[in-house]
Amino acid sequence: MKIARVIVDVPTSQTNRLFDYTIPDKYQDVLTVGMRVIVPFGPRKIMGFVLDITSESKLNKLKNVQDVLDLTPVLTKELLDVGKWLAESTLCFYVSAFQAMLPQVLKAKYDKELWLLAEVEELSPQLESLFAGRGVIPYEEIQEHNVSYSAIQKAVKEGILEIHYQVNSKETKKTETYITNALEEMELEEKYATMPPQAKKQRQIIAFFLEHPGEIKQKELLHRLSTTRASLKPLLDKGVLQTIQREVYRDPYQDREYQPTTPFPLTEEQAAAIDPIHTSISNHTHETFLLHGVTGSGKTEVYLQSIQHVLDKGQEAIVLVPEIALTPQMVERFKGRFGSRVAVLHSALSKGEKFDEWRKVQRKEVQVVVGARSAIFAPFENLGIVIIDEEHESSYKQEDYPRYHARDVAIYRAKHHTCPVVLGSATPTLESYARAQKGVYTLLSLPKRMNNASMPQVERIDMREELHAGNRSMFSRDLFEKMEDRLQKGEQTVLFLNRRGYSTFVMCRDCGHVMECPHCDIALTYHRKSERLKCHYCSYEEAMPTECPSCESDSIRYFGTGTQKIEESLQQLLPEARIIRMDVDTTRRKGSHERLLTKFGNQEADILLGTQMIAKGLDFANVTLVGVLAADAMLHLPDFRSAEKTFQLLTQVSGRAGRHTLPGEVVIQSYTPEHYSIDLASQYDYEAFFLKEMKVRKMFQYPPYYFLTLITVSHGNHLYTMDVTQKMTQFLKEQLSEQSVVLGPSPSPLARIKDRYRYQTMIKYKNEPGLHKAMNRLFQLYEDQINQNDLQISVDFQPYQMM
DNA sequence: AGCACGCCGACT
DNA sequence: GTCGGCGTGCTC
């Protein structure tokens, strides 16, 4: 007897283990490990993942697997192992890990239905009106019709009703209708001859199939004969023709043409960098490379040629790109080189499109995947290389369950496939660079730009001096002059506003009252278009007040600087400039991101003004000036990485200027231009920054010298939250070794979100083998309170965001 | 999670 | 007596 061992889709600690089911005969040959099944679980039916197939079970009474959802496994053996590892190392449930590795549409949807078993005459008037002549109704209607639950329960006991649990897969396949001839040529000719003379269109259609037998897309057929389904239908009904449903992929890139590119000759530096990668590929060894290359040094070409090498060996490649940099320009480079061998996975695709791209990988129809974080789970079985571009990007760390870092998953998978990992960046994380220095990673350097272009000249402006000189605008005199100059020369400018920490908040000028979200302890953001205040954490919103709710003064107004406000003042200062603004508001609609960039690329605008999203990957020949409006905006956030993030951002933004023949210039405005992150970024001195920042990290016991684990406790009651965190901190101090530092409890930087108070405890440690055990014990200790008291405890090993 | 079971107080 | 509240424990 064959037995399936299943992880069920019930994310709780009590069900986070294998359940055994017998496999009925009809599934004996088709069911394999890694498929999704439907199994009975208590009174209901749920989805589960088959992790193992054995012949024995400790229990003697097993239920049957009820249904098999897949024809081929959705998770390979390797990915099942990755999922187990992921769940155990990030402390999440097995199901959650497996779900995170698959496209959204493969998640099961559950429906409950009420089935009528008895004759209508036997029903109580209440039930009769509930069913209203139907045999099956959705369970939710019980509530809608105000029928009591006990009445239903009674009816179920009496055998009048039955509750049915339905598992619905959300996956849909898109099909297109094709038409083909159902008859042989001879019969077709006969039909043609015997067709009544008034059936002109039908004769035309038959004539078409006599000439071109075989199948044709219905749409195309109708178009070519300029007719409609009305004249096709009788032929289908008579069985002269027939329809075929063909599955098609929703290919988001199908209507685009990509200029095929060929490998560029490599510079000496590039050749030197690619050589060790090629050796690793050829020798089939696992090694992690850190490719440190300044912006514009041609990292992408190194990626492309490494991938080519992998493809030549008949292997596959995964390329990770930060979500925000997954621009059409980027996609174009990969599609241009590898054409239809590339699948693209990113969040701008619809669920269906993502599923289709994923399936191309599953069916081995592509060999290269370019995508954001979750593309690291692409179900390749013969992986030859993993490339992570912009390795330092925080978007590689998932901030909710499972809290994994794509870099760790990449290295884990690459070990399994014994293949290289390439981490690329102009500004590597201190962790990675330190590892490269220690020899854990192999450092490869591209210190020069291609075409011997020099890095643009950077000028730092002290905005305090501007203020003293009487300039109260957002633009320094220098930056303004330079913008005017570019406008005259017909060259383009990119203006970057670091919005983090500088959003538009509303304050009363009389009493200093700031409008805050009533649920989140966060200042509300003013949206000019709707004249409303919105919370960016819980989407609470309210109207802009006309007077201060605290002192009733009418001089309440918004402060801070948003892109909208800058656009307005810029338009006033330079009325003839054509400005494109790119921020969350102007790029919300699908494709608008791309459209705006194309417009700027075609030089239909002089100034591109934007937030974070324009910092990466843009490459426009005519851009000769880059302005950073508030370089220190995020320098003072409560995050030990703020200096590193500032350095990375400034370096990246500077790289947008002068990428081709025209020389570029960069103006960095800030209130603390002497800060080492701004100073060294303006000199493009990564090495010096690394050394300086390492000293700071050592002094304050932060990564990469120490590991961090952040535990956040949240609950609706303030005192209770504090109390739990306090006790928990004490517990951890007892559990962990003396070398580990346990800090806390302290209020989280976001002290309240959605009416939940948040406290945190931080653990700093160098070597703490018992950490995972201690965490598991912690969860056991608080299990009851988590389940019953709505207490939340979240653990983040190696947190990226401190908030 | 979702549900049954069981115990308790409040009501026709 | 029974209806409905919620704490407890189980799901192969």
### Query
Taking only side-chain nitrogens and oxygens of A:K112, does any of them come within less than 4.0 Å of OP1 or OP2 of B:dG2?
no
### Task
Taking atom CZ of A:F731 as the centre, report whether more than 12 heavy atoms of other residues, nucleotides or ligands fall under 6.0 Å from it.
yes
### Query
Do A:Y759 and A:H718 have their ring centres less than 6.0 Å from each other?
yes
### Query
Does any residue of residues 11-33 of chain A have a heavy atom under 4.0 Å from DNA chain B, and if so, which ones, in number order?
A:P11, A:T12, A:Q14
### Task
Using side chain to side chain contact (heavy atoms under 4.5 Å, CB included) as the criterion, list what pairs up with A:A375, not counting sequence neighbours.
A:L320, A:L345, A:V369
### Message
Under a 4.0 Å threshold between the charged nitrogen and the carboxylate oxygen, would A:E357 count as salt-bridged to A:K354?
### Response
no
### Query
Under a 4.0 Å N-O cut-off, is there an ion pair linking A:K397 with A:D796?
yes
### Message
Using the side-chain heavy atoms of A:L59, tell me which of these nucleotides is nearest: C:dC12, B:dC3, B:dA1.
### Response
C:dC12
Identify each donor-acceptor pair in which a side-chain atom of residues 719-726 of chain A lies under 3.5 Å from a protein atom, sequence neighbours left out, and give them as a table.
{"unit_1": "A:Y720", "atom_1": "OH", "unit_2": "A:Q785", "atom_2": "OE1", "d": "2.4"}
{"unit_1": "A:Y720", "atom_1": "OH", "unit_2": "A:N789", "atom_2": "ND2", "d": "3.2"}
{"unit_1": "A:T721", "atom_1": "OG1", "unit_2": "A:H715", "atom_2": "O", "d": "3.4"}
{"unit_1": "A:T721", "atom_1": "OG1", "unit_2": "A:N717", "atom_2": "O", "d": "2.5"}
{"unit_1": "A:D723", "atom_1": "OD2", "unit_2": "A:K727", "atom_2": "NZ", "d": "2.9"}
{"unit_1": "A:T725", "atom_1": "OG1", "unit_2": "A:T721", "atom_2": "O", "d": "2.6"}

### Task
Write out all pairs satisfying ring-ring contact (aromatic ring centres under 6.0 Å, His included) with one or both partners inside residues 47-84 of chain A, taking only residues at least two apart or from two chains.
A:F49-A:F98
### Task
Check DNA chain C against residues 47-57 of chain A and give the residues with a non-hydrogen atom under 4.0 Å, in numerical order.
none
### Message
Going by salt bridge (Lys or Arg N to Asp or Glu O under 4.0 Å), name the pairs with one or both residues in residues 15-30 of chain A, residues two or more places apart or in two chains.
### Response
A:R5-A:D20
